[in-house]
Amino acid sequence: MELPLDLKLELKDLLADEYTEFEAAMGNFPHSGLRFHQSKYTNDIIKTMECEEAVPWSPFGYYCTMEKPAYHPFYHGGVFYIQEPSAMAPAEVLCPRPGDWVLDLCAAPGGKSTRLGEFLQGKGLLVANDISNRRCQALLRNLELFGIANSLVLNESPQRLAEHFGPVFHKVLVDAPCSGQGMFRKDPRLLKEYVTRTDRPFPLWQREILSAAAELTAPGGEIVYSTCTFSRDENEIIIDDFLSSHGEFSLVPIPLIHGFAPGANGMTEVARLWPHRIKGEGHFIAHLKRRGIAEHPSKSNACHPCDCELFVSFCRECGILLPRGNYYRKNGNLYFQPTTVPNCKGLHVVANGLYLGEEKKDRFVPSHPLALSPLGAEAAAKQVFPVDSDEIRDYLKGLTLRGDVDRGYHIIFADQIPLGWGKSDGRGTLKNHYPKAWRNL
């Protein structure tokens, strides 16, 4: 791989004697990874997905040799997220606790958000935001695949969120837009774009986003700033400038294990992930903590029992246990949200909690996210097929199935993993309710 001269000179200055090893590594194939859902994976599933070697800095990450894992039924059941191994590290460094309010400020397409949501274990709140409306759709889909019910998906600028919320979040992730130098090996198109691009406004954007993140972080709270680039201008210099203007923050040293390297310019508390030192692409991670004592937000909504009789009857028929929390309707649709939520009036809300389904005259039509949520996993009304069966392949194509089950809605399982809804006529036919946009055609 031939790097631009200016980048090559900067990297030689950064790496010194290691540059030759780095240059050789950039000519190798990139590493592919899967990060498994912590409550859905088993050793058998890991073997099925052709994963043998674990990613050392991610407790649920594995290197994968399978071609096109997105076509496997387990992907459609939210069993794993296809994620570059180095990109698994920032969420592990931030490490939220159940009950925290967590903000992923530049969240799309959702790889890090899904992991942050797992840390919460259904308690507290995950706010996943992205400034791009188009990218928010992929973000929402991935949160639905992972069954993260205690989440809000917002489509706002970081500055607007800072003005609206103020310092209320315990943990904030800033996976900042960057020049992407660390991904040149994985996606050569990024190298071509880098060479032809004349303007590189990334440091300006990064400073603005990180400044907004500071305004959103509660006393005692933490920020993890990460990029997938090598440039000091987008990494150490950004952090140094931030600390100079935000005296209430300090760096939390990141353990330099698993091949992680210290930062440049004498900044040993941050971590750099170099492709010649680890099995992964280039990454930079800084962990910042704000002075003060962390307190949980005082804004809290009392639980509101579900007053939708159609949904209550539906749950009774399907053997779904009604969750305790807040239910609300919007345009005939029913949603469930966590007990503690911020006021989002005036913000562009893409999704607020778990979409349960739609009321239609005298019946309730369940949503796909409900089937993939923890509620769906425990449903009694189900039809189970082997993961490698023709029935599962047909289901993911949207075809009608045969199944000897009672009349009504049933969740289609691939082995022990729920994939979505089917509706039985009680005479052996299951109408397919898998979303058209998600089908394997």
Side-chain angles (χ1 to χ4, degrees), residues 35 55-59 61 83 85-98 100-107 111-113 115-120 124 126-127 158 167-178 182 206-207 209-232 234-274 277-278 280-294:
R35 200 197 73 249
V55 176
W57 50 86
S58 173
Q83 191 170 35
S86 294
M88 300 177 189
E92 300 301 326
V93 173
L94 189 59
C95 192
R97 298 170 301 172
D100 282 347
W101 274 25
V102 181
L103 171 63
D104 191 349
L105 203 47
C106 311
K112 297 175 179 67
S113 285
R115 178 63 183 133
L116 295 174
E118 286 185 294
F119 273 109
L120 296 179
L126 170 67
V127 176
V168 298
F169 292 96
H170 303 99
K171 301 290 179 78
V172 178
L173 178 64
V174 177
D175 187 43
C178 67
Q206 292 153 357
R207 285 184 174 87
I209 295 169
L210 196 50
S211 179
E215 295 180 45
L216 287 155
T217 304
E222 300 171 34
I223 300 173
V224 163
Y225 173 86
S226 65
T227 72
C228 56
T229 198
F230 300 125
S231 169
R232 277 178 286 203
E234 301 178 53
N235 294 327
E236 287 89 355
I237 292 176
I238 293 293
I239 298 301
D240 191 50
D241 289 350
F242 175 81
L243 292 171
S244 297
S245 57
H246 295 81
E248 71 275 24
F249 283 87
S250 59
L251 281 168
V252 178
I254 297 175
L256 299 180
I257 54 179
H258 311 309
F260 290 14
N265 298 5
M267 194 174 286
T268 57
E269 302 94 336
V270 303
R272 277 182 174 264
L273 281 63
W274 293 99
R277 282 176 166 247
I278 63 166
E281 305 310 301
H283 236 75
F284 173 88
I285 309 171
H287 188 183
L288 300 149
K289 184 175 178 64
R290 184 175 183 176
R291 283 200 308 268
I293 300 174

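Any value given below was found using the heavy atoms of this structure, including those in side chains, with hydrogens, waters and symmetry copies removed.
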Item to complete: Apply the test side-chain contact (heavy atoms from CB on, under 4.5 Å) to residues Thr268 and Leu256: give CA-CA distance (whole Å), side-chain angles for both, the deciding distance (0.1 Å), then the verdict.
Response: CA-CA 9 Å; Thr268 57; Leu256 299 180; 5.7 Å; no
Worksheet item: Please walk me through it: do Arg272 and Asn235 pass side-chain contact (heavy atoms from CB on, under 4.5 Å)?
Response: CA-CA 9 Å; Arg272 277 182 174 264; Asn235 294 327; 3.6 Å; yes
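With rounding to the nearest 0.5 angstrom, the CG atom of Leu116 is 6.0 Å from the CG atom of Leu126. Between the CZ atom of Phe242 and the CG atom of Leu251 there is a distance of 9.5 Å, given to the nearest 0.5 Å. Taking OG1 from Thr227 and CD from Glu234, the interatomic distance works out to 6.5 Å, rounded to the nearest 0.5 Å. Here Glu222 contributes atom CD and Leu173 contributes atom CG; the two are 12.0 Å apart, rounded to the nearest 0.5 Å. Distance check: Ile254 CD1 to Phe284 CZ gives 7.5 Å after rounding to the nearest 0.5 Å. Between the CG atom in Leu94 and the CZ atom in Phe119 there is a gap of 8.0 Å [rounded to 0.5 Å].
Between Leu288 and Ile239, the shortest heavy-atom contact is CD1-CD1, 4.3 Å. The minimum heavy-atom distance between Val168 and Ala218, with the atom names listed, is C-CB, 4.0 Å. When every heavy atom of Phe230 is checked against every heavy atom of Gly282, the shortest pair comes out as CE2-CA, 3.7 Å. Contact detail for Lys171 and Pro96: the closest heavy-atom pair is NZ-CA, 3.7 Å. Contact detail for Val174 and Ala213: the closest heavy-atom pair is CG2-CB, 3.6 Å. Contact record, Ala91 with Arg115: CB-CG, 3.8 Å, taken as the closest heavy-atom pair.
Looking at Asn265 and Ile237, their side chains come closer than 4.5 Å, going by heavy atoms from C-beta outward. Side-chain contact between Gln83 and Ser58: absent, with no pair of heavy atoms (C-beta onward) separated by less than 4.5 Å. By the 4.5 Å heavy-atom criterion applied to side chains, Pro177 and Ile209 are counted as neighbours.
Residues satisfying the salt bridge (charged side-chain N to carboxylate O under 4.0 Å, His left out) test with Glu281, not counting sequence neighbours, are Arg185. The side chain to side chain contact (heavy atoms under 4.5 Å, CB included) test applied to Asp240 returns Met267, not counting sequence neighbours. Annotation: side chain to side chain contact (heavy atoms under 4.5 Å, CB included) contacts of Cys228 (sequence neighbours excluded): Cys178, Met183, His283. Legend: residues meeting side chain to side chain contact (heavy atoms under 4.5 Å, CB included) with Arg291, ordered by chain and number and at least two apart, are Glu248. Listed by chain and residue number, Glu269 satisfy the side chain to side chain contact (heavy atoms under 4.5 Å, CB included) test with Pro253 (two or more places apart in sequence, or in another chain).
Between the Lys289 side chain and the Gly220 main chain, a donor and an acceptor come within less than 3.5 Å of each other. With hydrogens and angles disregarded, no donor-acceptor distance shorter than 3.5 Å links the side chain of Trp57 to the backbone of Val93. Side-chain atoms of His170 come within 3.5 Å of backbone atoms of Trp101 as a donor-acceptor pair (strictly under, hydrogens ignored). Without hydrogens or angle criteria, Arg277 side chain to Ala261 main chain gives no donor-acceptor distance under 3.5 Å.
For residues 249-263, no pair satisfies salt bridge (Lys or Arg N to Asp or Glu O under 4.0 Å), with sequence neighbours left out.
Salt bridge annotation for Asp241-Arg207: present, with a cationic side-chain nitrogen under 4.0 angstrom from a carboxylate oxygen. Ion pairing of Glu118 with Arg35 is present here, as a side-chain N (NZ or NE/NH1/NH2) and a carboxylate O approach within less than 4.0 Å.
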